[in-house]
Amino acid sequence: NAGVMQNPRHLVRRRGQEARLRCSPMKGHSHVYWYRQLPEEGLKFMVYLQKENIIDESGMPKERFSAEFPKEGPSILRIQQVVRGDSAAYFCASSPGEESEQYFGPGTRLTVT
Amino acid sequence: QQQVKQSPQSLIVQKGGISIINCAYENTAFDYFPWYQQFPGKGPALLIAIRPDVSEKKEGRFTISFNKSAKQFSLHIMDSQPGDSATYFCAGAISGTYKYIFGTGTRLKVLA
C-alpha cells in the first residue's frame, strides 16, 4: 500500500509565477490536509479537504492560495504570483476519516527566487 | 492559547545516552499529544502518542511522560543511537478533530 505521494519534491519558481503542488492520498483515504513548514518552524495547518469539498481553510492566506480535491485525481495546492516569503516545505497528509491518524507525505520544497 | 512550545531547539547526545525533549501546551482542551519523527527530506512520521488519562507511555526505547497539572509533556529516548538523529515534533490536538498544533521542532544529533 503506497504511502502519501507528493510531487514535485522540489519546485523552483521566480517571483510572480504560479506554483502547483500535488498530493495523492493513501489508498482508501478520502481526507486530505495541507501543512506549511517554514525554516526552523513547526508545521502549520493550512487547509482540510474531502473529495470535492473544502472543509476548513482557516490556515490559508486569504490571497493567492487555493486548494482543491477533485472527484478524480490528486489534491492540488495552488499558489499564484509567488513571493519569496512563500518559500517553504509544503506537506500533505491524509487519513481515512476525520478522527483518524494523519499520515504525511514527503513534502514539496518550494523555492522562490 | 493554541501554542505548543517545544525545547530545546537542538540537542546533541552521545550514543547510549538519554535524549529528553520537552513540550508545554496552553489549550486545556487538548487531549491527544503525538510525537513525530522527521528525517531530512522526508515527511513527519508518527512515533508515539499519549492521552492525558495516563502519566507515562513507553514503546521500546521511547517514553512519553505527561504532567497534566503543569500542562507539560516530554519525550525520552533511552540508549540513543545515531539512527535516532532526526527532527522531533510534538503536537497537541483535540480528540476527534483534525487540526494538530505542532511545536517548533527539536533537531537531535546522536554522536557515534
Side-chain angles (χ1 to χ4, degrees), chain A residues 2-11 21-26 29-50 53-60 69 88-109 111, chain B residues 1-11 21-27 29-51 57 59 64 73 75 86-109:
Chain A
V4 178
M5 297 171 63
Q6 289 188 248
N7 67 80
R9 296 292 309 277
H10 300 274
L11 182 61
L21 288 63
R22 294 174 184 78
C23 168
S24 296
M26 286 179 70
H29 289 193
S30 58
H31 300 245
V32 165
Y33 316 83
W34 285 94
Y35 291 82
R36 178 164 64 176
Q37 183 180 29
L38 293 169
E40 307 301 325
E41 292 189 18
L43 289 83
K44 297 276 197 291
F45 169 82
M46 298 181 74
V47 61
Y48 163 39
L49 310 104
Q50 294 180 25
N53 286 304
I54 297 175
I55 307 302
D56 180 353
E57 57 182 349
S58 58
M60 289 268 276
F69 190 15
Y90 292 83
F91 289 95
C92 166
S94 73
S95 68
E98 184 174 305
E99 299 184 15
S100 306
E101 188 54 53
Q102 297 177 23
Y103 295 83
F104 284 82
T108 293
R109 277 147 187 86
T111 301
Chain B
Q1 198 180 13
Q2 283 283 70
Q3 276 190 322
V4 175
K5 295 181 180 177
Q6 184 171 348
S7 63
Q9 189 173 17
S10 62
L11 181 61
I21 304 170
N22 301 298
C23 285
Y25 63 99
E26 300 172 351
N27 189 341
F30 285 165
D31 59 358
Y32 179 65
F33 301 92
W35 284 89
Y36 282 81
Q37 181 186 54
Q38 183 181 25
F39 292 106
K42 305 289 186 184
L46 178 65
L47 186 64
I48 185 173
I50 195 169
R51 297 186 188 278
K57 183 174 181 180
E59 289 184 4
I64 301 179
F73 57 109
L75 176 69
T87 299
Y88 292 81
F89 292 96
C90 62
I94 300 171
S95 283
T97 69
Y98 48 84
K99 200 178 291 184
Y100 293 3
I101 306 300
F102 283 88
T104 51
T106 295
R107 193 172 295 174
L108 171 66
K109 183 168 185 176

Practice task
Begin with the C-alpha distance, continue with both residues' side-chain angles, and end with the deciding distance and a verdict on side-chain contact (heavy atoms from CB on, under 4.5 Å) for A/His31 and B/Tyr98.
Solution key: CA-CA 10 Å; A/His31 300 245; B/Tyr98 48 84; over 6 Å; no

Practice task
Test side-chain contact (heavy atoms from CB on, under 4.5 Å) on A/Leu43 and B/Tyr36 and set out the steps.
Solution key: CA-CA 11 Å; A/Leu43 289 83; B/Tyr36 282 81; over 6 Å; no

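Only the side chain of B/Gln9 comes within less than 4.5 Å of a heavy atom in chain A; its backbone stays farther off. For a residue to count as touching a neighbouring chain, one of its non-hydrogen atoms must lie under 4.5 Å from one of that chain's; by this rule A/Ser95 does not touch chain B. Contact of B/Phe39 with chain A is not made at all, since no heavy-atom distance falls under 4.5 Å. For chain B, no part of A/Gln6 is nearby; none of its heavy atoms comes within less than 4.5 Å.
Taking the six-membered ring where the residue is Trp, A/Tyr35 and B/Phe102 present perpendicular rings, their angle passing 60° and hence far from 30°.
With respect to chain A, the highest number of heavy-atom pairs below 4.5 Å among B/Gly41, B/Cys90, B/Ala91 belongs to B/Gly41.
Between the CZ atom in B/Phe89 and the CZ atom in A/Phe104 there is a gap of 9.5 Å [rounded to 0.5 Å].
The minimum heavy-atom distance between B/Pro44 and A/Gly105, with the atom names listed, is CD-O, 4.5 Å. Closest approach of B/Lys42 and A/Arg109 over heavy atoms only: O-NH2, 4.1 Å. Across B/Lys99 and A/Ser58, no two heavy atoms sit closer than the pair NZ-OG, 3.0 Å.
In this structure, A/Met60 places its CE atom where more than 12 heavy-atom neighbours from other residues, nucleotides or ligands lie under 6.0 Å away.
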